[in-house]
Number of protein chains: 4
Amino acid sequence: MAHDEPQRAARSDAQRNLERVLRAAHELFAERGADVTMEEVARHAGVGVGTIYRRFNSKEELLAAVAHAACASTCDSLRAASHATNPIARLKALALVQFHHSAHAPLTHALPPIDAAEPEEVARLLHELLADAIADGQRQHLIRDGDPRLLAAFCLELLSLRTCRRLGNACQADAETLAEEAVRFVLHGLSRVTA
Amino acid sequence: MAHDEPQRAARSDAQRNLERVLRAAHELFAERGADVTMEEVARHAGVGVGTIYRRFNSKEELLAAVAHAACASTCDSLRAASHATNPIARLKALALVQFHHSAHAPLTHALPPIDAAEPEEVARLLHELLADAIADGQRQHLIRDGDPRLLAAFCLELLSLRTCRRLGNACQADAETLAEEAVRFVLHGLSRVTA
Amino acid sequence: MAHDEPQRAARSDAQRNLERVLRAAHELFAERGADVTMEEVARHAGVGVGTIYRRFNSKEELLAAVAHAACASTCDSLRAASHATNPIARLKALALVQFHHSAHAPLTHALPPIDAAEPEEVARLLHELLADAIADGQRQHLIRDGDPRLLAAFCLELLSLRTCRRLGNACQADAETLAEEAVRFVLHGLSRVTA
Amino acid sequence: MAHDEPQRAARSDAQRNLERVLRAAHELFAERGADVTMEEVARHAGVGVGTIYRRFNSKEELLAAVAHAACASTCDSLRAASHATNPIARLKALALVQFHHSAHAPLTHALPPIDAAEPEEVARLLHELLADAIADGQRQHLIRDGDPRLLAAFCLELLSLRTCRRLGNACQADAETLAEEAVRFVLHGLSRVTA
DNA sequence: CATGAATGAGCCTTCATTCAT
DNA sequence: TATGAATGAAGGCTCATTCAT
């Protein structure tokens, strides 16, 4: 037991390094996409490049791992958001998840097709849950008619941080305000036009 | 005049090469952004790298030229689209321009800030014209209330080829159909909800 | 302290590589000027090109560094040579410094104007010290009359390794012998012609 | 005969082009050495690159031709200068030839060893004639003792335009004045020290 | 013959990856 | 196990040379 201490310490050190690497990689890749140097990631994480290559066999693997973590986090949020029973509330909650997930756009965009399965799966799931909510809303006559999958897709598109950034350039509002406006616009777009 | 022939012949050949280079560069940059090799562009155009460098001093200049051409084309379309007097028709026409202009997204995204002025100017103009159309529509009670600039921004975002490509993955329709659906969604979102 | 060893070992290895690079670069640049390939320098130093670029941001910087080292070495020699009190002895010593410094002629010639400040400063200093020695000699009636700056310039010109190499082609003597002959010629040229 | 006219005109045109190319190449190479672009030479000569390649199979050949012309000119001057009977006058005349020949230094410096035979032959001849003059002067007790070949070599070195340019930086005199000073210095260096 | 557009080998430089310490 | 120096393949760019007009 006594001689376990240093090992455990070493292990926790390694664990901490792994986390630092992932955090650093996430920040940089999410901000600037794939054209960030491994050296830069290492520096940002406060380790040497070798330390990264001990855990990840290539830059691609690191990208995939970071994307995986982001997707896992989004999935947690999705599970929580899909519990609401009211279709409109569910729709709002899911939209908010999409809004935050889109913050990693440059990251998922940078993935090579072979590694893009998971982010696409997340997008697929998000889209499915959104379509379900819309279909429910249609059944309850809260939302206008139309292919739910298509309507859901439009909603997703409208609710990305990237979008909000561009709006910030054209208009005069902060991201959060714009997000709310976007949800409102979407809901209006989905609302029934009564007569 | 007769002795002009060879010169003009040489020039027309060069002209054709220039066009091939621009076309090749446009296709590749618009598809995959800036991380396309000059060698690749040259191969795609059926010329050597030197031929490209005879016309463009750097990859950056080539990118800028291609972006310029795309912007000029979009401007032509904008002029044509902004003639419609009916606000809704104008809105549809402008939306279609945006739809096609967005096909170059990775290209304009790849431009260094210094060269991004023109694409941003086009985006600004597109946005302004759309906002004008929306404001007109509001005055004629054809479009619901709300900041025209904000509403216009949402419309733009929704009408990109990129968006349509993603929708193509999730749904079962070709790009043109999706574009029409998107316009319809947007118009519904802008329509007055008559109690 | 014990755990400093590996770091210091790594550092000393790197240090040795740096020295090898500088030595290789010096030899090649001094011999053939700037049109030596970085690959060639690397091969000559027994390293990869990347190793050079780790220390020097560009070929120009490498050139500048090599030139700086050569100038520093010359400055040391100058300090030592300028201590002699006898003007003739001082003149001889300085002439020898010039003789050795001129071995790097193609190197300093290859520097871009922006980096040429230091070599020019060395040349200026050498010239100034030589002119001082000549002026002293004139005051003591050991050297014939004439503008000391001009006479000094002639001396410098006559005392270059490059010159000696050419003499070696035309005559039948080694460089050192020729250097001595050159000093003798110079001194004779500077000597007072006593009617 | 009538139909000879255009041919002769064409031929004289070609002749004129050849001269222009040689003159342009001479000016540029003599000023900046071998790192002048063929395109630059062509532009300077007012022709296309193809016209140069019609006469010279390579840049190297052009360099050699330009060097040949310069050497031939120098040889003419040498022949004229070597007629003087007075050794001192002959020495001065030859020194002046060297002074002007050295104006092409960067050009001859740029020649690859294989083509350097002729310039070296000129240098050899110049050196030989100078040594002869010195030997004559020694026989007539006008010049101090010493190996004539060695003394001649020193004279040559001292009398280059390149030298004069550098002196111009350090002192305050134009090239011609400096040349005269150099000759004076050389003659003083060669003069007999009586007693 | 003249032209100058096209070619492509080769140079400088970057960066993912490896490996000695 | 962590470090960061070393490696070298690959990309941007230049320029001697060729060739269609």
Side-chain angles (χ1 to χ4, degrees), chain A residues 7 10-11 13-14 17 35-43 46-60 62, chain B residues 3 5-18 21 35-42 46-60 62, chain C residues 3 5-18 35-40 42 46-60 62, chain D residues 7 10-11 13-14 17 35-43 46-60 62:
Chain A
Q7 284 184 26
R11 233 181 265 151
D13 252 32
N17 272 344
D35 44 2
V36 173
T37 300
M38 287 298 265
E39 207 96 31
E40 213 170 348
V41 174
R43 209 177 320 128
V47 302
V49 272
T51 304
I52 303 184
Y53 277 94
R54 169 166 303 278
R55 320 281 184 167
F56 307 98
N57 292 316
S58 67
K59 186 178 184 177
E60 220 160 5
L62 175 58
Chain B
H3 61 285
E5 282 309 315
Q7 285 183 30
R8 231 183 302 170
R11 243 182 247 154
S12 82
D13 233 42
Q15 181 60 26
R16 185 145 46 87
N17 270 341
L18 176 58
V21 166
D35 44 1
V36 174
T37 301
M38 286 299 262
E39 202 116 320
E40 215 169 346
V41 175
V47 302
V49 275
T51 303
I52 303 184
Y53 280 97
R54 165 169 292 273
R55 321 281 185 158
F56 306 98
N57 291 318
S58 66
K59 185 177 183 178
E60 213 162 313
L62 176 57
Chain C
H3 62 285
E5 282 309 314
Q7 286 183 28
R8 231 184 301 170
R11 243 182 247 153
S12 84
D13 234 42
Q15 181 60 26
R16 184 145 47 87
N17 272 340
L18 177 57
D35 45 0
V36 174
T37 301
M38 285 300 263
E39 203 116 320
E40 216 169 346
V47 302
V49 274
T51 303
I52 303 184
Y53 279 95
R54 165 169 292 273
R55 320 282 185 157
F56 307 98
N57 293 317
S58 66
K59 185 176 182 177
E60 215 163 311
L62 176 58
Chain D
Q7 285 185 26
R11 233 181 264 150
D13 252 32
N17 272 344
D35 44 2
V36 173
T37 299
M38 286 299 264
E39 206 97 31
E40 213 170 348
V41 174
R43 209 178 319 128
V47 302
V49 272
T51 304
I52 302 184
Y53 276 94
R54 169 165 304 278
R55 320 281 183 166
F56 307 99
N57 292 316
S58 67
K59 185 178 185 178
E60 220 160 6
L62 175 59

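Numbers restart at 1 for each chain; the letters A, B, ... are given by sequence-line order, proteins then strands.
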Whole-Å distance, A:I52 CD1 to E:dC19 C1', equals 16 Å
Check whether any side-chain N or O of D:Y53 sits under 4.0 Å from OP1 or OP2 of F:dT17, and answer yes or no.
yes
Between F:dC13 and B:N57, is there an OP1 or OP2 to side-chain N/O distance shorter than 4.0 Å?
no
Proximity to the side chain of A:V49 - top-ranked nucleotide from E:dA2, F:dG4, E:dA5:
F:dG4
With nearest nucleotide decided by heavy atoms, which residue, C:G50 or C:E39, maps closer to the 5′ end of DNA chain F?
C:G50
What pair of heavy atoms forms the shortest contact from A:V49 to A:A42, and how long is it?
N-CB, 3.8 Å
Qualifying residues under salt bridge (charged side-chain N to carboxylate O under 4.0 Å, His left out), relative to B:E39, sequence neighbours excluded:
none
If you assign each of D:V47 and C:E60 to its closest nucleotide in DNA chain E, which residue comes earlier from the 5' end?
D:V47
Just how far, in rounded Å, is P of E:dC11 from NZ of C:K59?
9 Å
Partner set under salt bridge (charged side-chain N to carboxylate O under 4.0 Å, His left out) for A:E60, not counting sequence neighbours:
none
Could you measure the distance from the CD atom of B:E40 to the OG1 atom of B:T37? Nearest 0.5 Å is fine.
5.0 Å
N or O in side chain of C:R54 less than 4.0 angstrom from F:dG4 OP1/OP2
no
Could you provide the dot-bracket string of DNA chain F, using ( ) for intrastrand pairs, [ ] for crossing pairs and | for bases paired to another strand, with Watson-Crick or G-U pairs below 3.5 Å?
.||||||||||||||||||||
For B:T51, give me all partners under side-chain contact (heavy atoms from CB on, under 4.5 Å), at least two apart in sequence or on another chain.
B:V47
B:R16 vs F:dT21: side-chain N/O to OP1/OP2 distance below 4.0 Å:
no
When rounded to whole Å, the CG to C1' distance for the pair D:L62 and F:dT17 reads 13 Å
Taking side-chain contact (heavy atoms from CB on, under 4.5 Å) as the test, write out the residues that go with B:R55, two or more places apart.
B:A14, B:L18
Could you tell me the separation between the CG atom of A:D35 and the C1' atom of F:dA10, rounded to a whole number of Å?
16 Å
Is the phosphate of F:dT3, meaning OP1 or OP2, less than 4.0 Å from a side-chain N or O of A:T51?
yes
Which residues share a side-chain contact (heavy atoms from CB on, under 4.5 Å) with D:Y53, sequence neighbours left out:
D:M38
Phosphate oxygens OP1/OP2 of E:dA5: is one of them under 4.0 Å from a side-chain N or O of B:N17?
no
Can you tell me if the side-chain N/O atoms of D:R55 get under 4.0 Å from OP1 or OP2 in E:dA2?
yes
Identify whether any heavy atom of B:V36 sits under 4.0 Å from a base atom; if not, whether one sits that close to sugar-phosphate; answer base, sugar-phosphate or nothing.
sugar-phosphate
Listed nucleotide nearest any side-chain atom of A:M38, set F:dG11, E:dT7, E:dA16
E:dA16
